[in-house]
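Below: one structure, written as structure tokens.
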2 protein chains.
Amino acid sequence: MSHESDHTQAKERLLDTAENLFARKGFVATTLRDISTELGLTHASLYYHFPGGKEDLFAAVMERNILRHGAGLAAAITEAGSDLRARSRGAAAWLLSQPPIDLIRMTEADMPALPESVARKLMDLVYRELIIRLRSVFEAAVRSGAISASTDSGLVAGAFIGLVESLHSVPFFAVKNTRGDMANELIDILLKGLDYAGGGTK
Amino acid sequence: MSHESDHTQAKERLLDTAENLFARKGFVATTLRDISTELGLTHASLYYHFPGGKEDLFAAVMERNILRHGAGLAAAITEAGSDLRARSRGAAAWLLSQPPIDLIRMTEADMPALPESVARKLMDLVYRELIIRLRSVFEAAVRSGAISASTDSGLVAGAFIGLVESLHSVPFFAVKNTRGDMANELIDILLKGLDYAGGGTK
DNA sequence: GTCTATATTTCGATAGAC
DNA sequence: GTCTATCGAAATATAGAC
């Protein structure tokens, strides 16, 4: 078992390091040498775990990244109960605990550098694991009467992500509190704008 | 004069093409060959206009890009009059008419690849031309009593940019209207959340 | 102003030793 | 599993002709 354990551990460490770099800097700006150096390895060693090279590594790593984003999002929402404000706060806190998801960079820079099939698969995954999952939260709030149906829930979900993720590039804002506090402040504004009348901490 | 005109025209065309690519894909993912090919030139020709190479070209192009963003923002706000909703809509329409400003990519990928001095200058420029300019709009609304002072205007300004810019990666949202329409819808929510009671089209 | 030709560096990738 | 060594491709950059 120790053989397989070594194998698994090494691969897991590789996935973690690669994920952090790929998620932050993207496919093009991250080199295999960046990853291997951070691991204390040579770049040739990466081909043992991913014979398909950079492209396969990126696909595997980003798929894992997006799936974990979605799983964590689902867990955060469930744990938050049924209140929309608590759910939103939980979702934002989770998103901020993860490396940023830069949809603009993925669309403009990463996807054009990848085979069409890989690009579409990853974008579909983002849509399913992030947008739809968040949209469901707002749709549920509409059905329960907590907010009105005047605004498209998909639009609100997309805006929510853009708003929270933009807090990652935080040096630009006059920072006083933590990013989590700032997210909560913005969520309060958003929910008020959606005519939310429910309970929750305020 | 025709000599200088040729020179100026060629350089202007280069700046326009380079700006579109650099703004969309960033410093690392854009190659000099991408730019020269789109211009119908060889990449060596670019060194005539920018002897400093890729780095100088990027710095000049992004400085121009950010300054035009700021100038257009100021113009859009002025033309919109004094109403906060009209100002917000004008600002959003302008931002959406320009190539996206990806603050996350700039922070995580572009800046680390540039000399510290260039990076800081560009980020300062973004702060001054975008964040502060938008913050002033919300601060003015607070002073005039159109919205309450309960929320930090800098935070709102940052959120506004993140929210509008995220519309650039629009395939992810269930798209029905134009991006401008979606922006206006989100602005209405935001202003309502800020207790905006002013006039304007709704 | 733009070209061709070439130098230099960096990156992704493969082969084979340990 | 990781290394050394090496290859070919691509990118930045320079020199000089036109």
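Below, read A as the first sequence line, B as the second, and so on, with proteins coming before strands; counting in each chain starts at 1. Everything numeric here is computed off the predicted structure, so don't read it as measured data.
For B:Leu32 and D:dT12, the CG to P distance is 4 Å, given to the nearest whole Å. Look at CZ on B:Arg33: it is 14 Å from C1' on C:dC11, rounded to the nearest Å. The interatomic distance linking B:Phe58 (CZ) with D:dA13 (P) rounds to 14 Å, in whole Å.
For DNA chain D, the neighbouring residues in residues 22-31 of chain B, judged by any heavy atom under 4.0 Å, are B:Thr30, B:Thr31. Applying a 4.0 Å cut-off to non-hydrogen atoms, the residues of residues 34-43 of chain A that approach DNA chain D are A:Gly40, A:Leu41, A:Thr42, listed by residue number. Remark: B:Tyr48, B:His49 in residues 46-57 of chain B come within less than 4.0 Å of DNA chain C through at least one heavy atom.
Here A:Arg64 pairs with A:Glu12, A:Asp16, A:Glu19 under the salt bridge (Lys or Arg N to Asp or Glu O under 4.0 Å) rule; sequence neighbours left out. In terms of the salt bridge (Lys or Arg N to Asp or Glu O under 4.0 Å) criterion, A:Glu79 has no residue partners (sequence neighbours excluded). Listed by chain and residue number, B:Phe58 satisfy the ring-ring contact (aromatic ring centres under 6.0 Å, His included) test with B:Phe27 (two or more places apart in sequence, or in another chain).
Here CZ of B:Arg135 is found 11.5 Å from CD1 of B:Ile161. Values are rounded to the nearest 0.5 Å. Atoms OG and CD1, from B:Ser88 and B:Ile77 in turn, are 8.5 Å apart once rounded to the nearest 0.5 Å. A distance of 11.5 Å separates CZ of B:Arg105 from OG of A:Ser169, quoted to the nearest 0.5 Å. In this structure, the separation between CD on A:Glu38 and CG on A:Leu14 is 11.5 Å, given to the nearest 0.5 Å.
In this structure, A:Thr151 and B:Asp188 have side chains that are not in contact, with every pair of non-hydrogen atoms separated by 4.5 Å or more.
Distance alone, capped at 3.5 Å, places no donor-acceptor pair between the B:Thr17 side chain and the B:Leu39 backbone. Listed for the A:Arg24 side chain is no donor-acceptor partner under 3.5 Å among the backbone atoms of B:Glu108.
Considering only side-chain atoms of B:Ala44, the nucleotide from C:dA15, D:dT12, C:dA5 that sits closest is C:dA5.
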